[in-house]
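Just so it is clear, the model here is predicted, and its values are computed rather than measured.
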Amino acid sequence: MSMNADLGKPRELTGLQKRRALHQPELPPCLQGKAIRVEFGDSTTTIDPTCANMVAQEFPNTFGQPLVHFLKPNKMDAQANYEHPPIRVGVVFSGRQSPGGHNVIWGVYDAMKTQNLQSVLLGFIGGTEGLFANQTLEITDDALSAYRNQGGFDFLGRTVDQIHTTEQVNAAMSTCCDLDLDGLVIIGGVTSNSDAAQLAETFANHNCKTKVVGVPVSLNGDLKNQFVETTVGFDTVCKVNSQLISNVCLDAISAGKYYHFVRVMGWKASHVALECALQSQPNMVILGEEVAFSKLTLKEIISKICDGVQARAAQEKYHGVLLISEGLIESIPEMFALIQEINILHSNKVPENNIPSQLSPWATALYNYLPPFIRRELLLHQDSDNSAQLSQIDTEQLLAHLVEAEMNKRMKEGKYIGRKFSSVCHFFGYQARGSLPSNFDCDYAYVLGHICMHILAAGLNGYMAFATNMKEPTNKWRCAAVPLTAMMSVKRHSRSPGAVPTGKPVIHPSPVDLQGKAYALLREKASSFLLDDFYRTPGGIQFDGSGADVKPITLTVEDQDYLGDIKLLQDYLEKVRNIVKPGCSREILKAAISSMSSVKDVLKVMSAPFYAELPLFNLN
C-alpha cells in the first residue's frame, strides 16, 4: 500500500478553523491531574445472559473482566508521589469518518504527556491498511495543531474497516510487536470494536504485551447500550442534517407544491432519523424499526404515506416533508429477503450481471417490479461487513416513485381530488461527516481519549472507554472502562421462545428503542407534525453563546446514568447489610429474606430473553 503523502501534514486553516482550534475541551474532575484513582468493580456478564457461555468460550482471556471506574483521588492519593513509566501507544481510525475523531487522539496524547513526557504516541497512516503495513506517524504538538477540534479523519486517514481475517490479525499483531507497543487504540463503531475485542483476545492468547482499547466513534449512534449513551460524532451529524432538513421544510411551505422525500445516513438503525425528526419536526417520519416490528410491506408503507398526503390535501396543503432512515429498505420484509438472496449470491462469487437470473421465482418477481435504478443499486457489491451498500440505495426515490404512481391511480379512480402529486428527493449523508464538530463532540472525544490512556496505564486489555450521566454538564460525567465482551451477543435466527443463539459473538448495532422516552416523544407529536406544519429551525451548529452546548434530544430525555444507578444499588445493598447485621431481630431477618427472594424472582423473569412484539406503527 502506498501512503498518502498529504496525511498528517500541517495544513492552512481558515479563520473559523483557527478559532475552532482554540476551544479547550473540559475534563471531568476525575480525569484532572496526574493522580487518578482506579476502582475495580464487579465482574461483568453479557447484555444477553443466554449468550454468556458462548461469549466465555470464544473469549476465555477477556470475558468476565470487571467494570473499572476512574475517580477523583482522595487525600492520600493526591499526596502520593506518582511516577508513571513512559509508554508506547498506537492509534488507528477504523470506522467511517465521524466529527470529533481527531479529539480522541488529542485526548490520548495530552493524557500520556501529562503522565510522562517520554511517552510516545504513533498514528497509523491510512487506517487499518496502515496498521497491517506498519506505516506510522509520530504524534506531536506540531502535528496535532492543525487538527484539534477539526472534522474528518484526514489527519491519519482510513481505509478498510475490518481487522478480522487471520491474515489481518496476524499482520496487526506483527506490527504491534515490531513497534513494541504497550497499547493500541481503535477508533470506530460496532464492527471496529468487535474486531478490537477479537484482537485483544488473540494478543492475550499469544502473550503479546500490547493491550487493545476501543472507542465508540460513529455518526450512526448505533453503538448504544447500558454503558454507551451515545457515540462521538452523532451530535454533530444530527445538528448538520437537522439544519438541512429544516431548510427543506421552509422551502416546501414557501412553494406549497412539492413533497420532499429525505433520507438520512445512519446505516441499519434509525437513531439519526429519530434525532433529526425531533429537532426539525417534518410532516412524516418512517423509522426502519417501526416497519420491521410491524412487518409492514412496501405496499402498506406506500398506502400509509398516500393517506397522509390525502389528509393534508383535505386541508388544501399540497406540500410536505417525509423523513426516512437509511436502513429502511432492509426493514421491509420482502425487500430484506430479496437483499439476503442477493448477498448470498455475492458471497458465492456470482458476477453482478448474472445475479438476476439466479434469483428464486418470488424474488425475481419482486426484482422485476422495482424501478430499474433500484435494481442496479441492489446489485452493487457489498460493504466490508458483507451487507448491502445502504448508502447507495435510493430508497427515497423508490418511495417517491411508488407514491406518485399510487396518487395518480387514486386520482384516476376518483378517490383523490386535488393537485397532481410532485416530489423532490434528497439524501443527506456525506455532507455531515466532515463537519466541524460540536462542543459536545469535541469534549466527549477528548474525555474518551484521556480514559483510553488510563485504561492502558492500568494494564487493561479488551476494554472500551465510556462515560455516563452525559446529559449533565461535563463536570458531572462519570468515567469508566467496560470489557468489550460485556456488550456482545449472538444473533437468533428465530424470535420464538427457546430459539438457540447461533453465530459468532459480536457487538451488534443497537436499534431505536420503541419503548424508550425519545420514541414516545416522537409518537406523541406525530399527529401535529402531519397536519400542522410545526416546522422547527435549529439553525447551524453554534460554537459560542447560549446554543453552543445544546445536546441531542434523544440523549437528554432518557435516564441513562448506568454508573450512577450501579452506585445507588451498591448504597442500598450496604444499608441492608448494616440493618441485618448479626444481632438483628428474627422478624427483620425474615423480612429481609422474603424481600430479597421476591427481588431475585423478579430479576430472573426480567433477565429472560424478550420475545414479545413491539407496538405497531401508524402513520395516521
Side-chain angles (χ1 to χ4, degrees), residues 1-2 4 94-97 126-129 132-133 157-171 188-192 194-195 198 220 263 265-268 288 291-292 297-299 324-402 425 427 429-430 433 491 493 502-504 506 508-509:
M1 179 195 127
S2 60
N4 187 333
S94 178
R96 303 296 200 273
Q97 48 267 40
T128 52
E129 293 287 354
F132 306 147
R158 56 161 283 267
T159 46
V160 180
D161 303 317
Q162 59 174 235
I163 320 172
H164 53 246
T165 68
T166 302
E167 182 181 1
Q168 290 169 338
V169 170
N170 288 339
V190 288
T191 303
S192 300
S194 293
D195 290 344
Q198 187 60 61
N220 303 321
R263 173 170 53 104
M265 195 169 268
W267 203 37
K268 297 176 184 293
V291 171
T297 65
L298 183 58
K299 184 177 180 181
I324 65 170
S325 58
E326 183 179 55
L328 175 63
I329 190 78
E330 272 199 335
S331 302
I332 303 167
E334 67 269 34
M335 294 302 298
F336 175 76
L338 173 59
I339 290 171
Q340 287 296 96
E341 276 204 29
I342 292 173
N343 285 347
I344 290 172
L345 293 172
H346 268 304
S347 300
N348 292 335
K349 310 298 182 185
V350 176
E352 286 184 14
N353 292 340
N354 296 340
I355 287 177
S357 63
Q358 296 193 29
L359 293 171
S360 64
W362 74 265
T364 299
L366 175 58
Y367 180 81
N368 291 334
Y369 163 76
L370 297 171
F373 67 90
I374 290 292
R375 292 183 219 161
R376 288 193 301 272
E377 292 163 357
L378 288 174
L379 296 181
L380 290 173
H381 204 271
Q382 299 162 302
D383 272 333
S384 58
D385 67 339
N386 297 323
S387 64
Q389 291 195 51
L390 298 178
S391 64
Q392 303 301 317
I393 301 175
D394 295 318
T395 311
E396 74 284 3
Q397 293 190 32
L398 171 64
L399 296 185
H401 175 86
L402 296 177
C425 294
F427 171 47
Y430 299 95
R433 300 201 309 188
K491 277 190 175 180
H493 292 288
T502 58
K504 190 175 181 179
V506 295
H508 289 104

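Summarising the geometry of D394 relative to R263, their closest heavy-atom pair is OD1-NH2, 3.2 Å, with the distance given to 0.1 Å. Scanning both residues, K268 and E330, for their nearest heavy atoms gives NZ-OE1, 2.9 Å. Scanning all heavy atoms of the two residues, the minimum distance from M335 to L366 falls at SD-CD2, 4.1 Å. Heavy-atom minimum distance, Q358 versus L345: OE1-CD2, 4.0 Å. Minimum interatomic distance between N354 and S357 (heavy atoms only, all atoms of both residues): O-OG, 2.8 Å. Heavy atoms only, all atoms of each residue included: L379 and E352 are closest at O-CD, 3.2 Å.
Of the listed residues (Q162, E167, Q168), just one forms a side-chain hydrogen bond (donor to acceptor under 3.5 Å, both in side chains) with T165, and that residue is Q168.
In this structure, the side chain of S331 engages the main chain of G288 through a donor-acceptor pair within 3.5 Å. Although no hydrogens or angles enter the test, the distance criterion places no donor-acceptor pair under 3.5 Å between the side chain of R158 and the main chain of T128. In this structure, H346 contributes its side chain and I355 its backbone to no donor-acceptor pair below 3.5 Å. At distances below 3.5 Å, at least one donor-acceptor pair connects side-chain atoms of T159 with backbone N or O atoms of E129.
The distance from atom CG of L370 to atom CG of L298, rounded to the nearest 0.5 Å, is 7.5 Å. Between the CD atom in Q392 and the CG atom in L378 there is a gap of 12.0 Å [rounded to 0.5 Å]. Between atom OG1 of residue T191 and atom CZ of residue R96 there is a gap of 8.0 Å, rounded to the nearest 0.5 Å. In this structure, CG in L338 is found 11.0 Å from CD1 in I374, a value given to the nearest 0.5 Å.
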Any chance you could lay out the side-chain hydrogen bond (donor to acceptor under 3.5 Å, both in side chains) test for E341 and S360, step after step, and finish with the verdict? CA-CA 8 Å; E341 276 204 29; S360 64; 2.5 Å; yes

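Applying the 6.0 Å contact sphere to CZ of F373 captures more than 12 heavy atoms from other residues, nucleotides or ligands.
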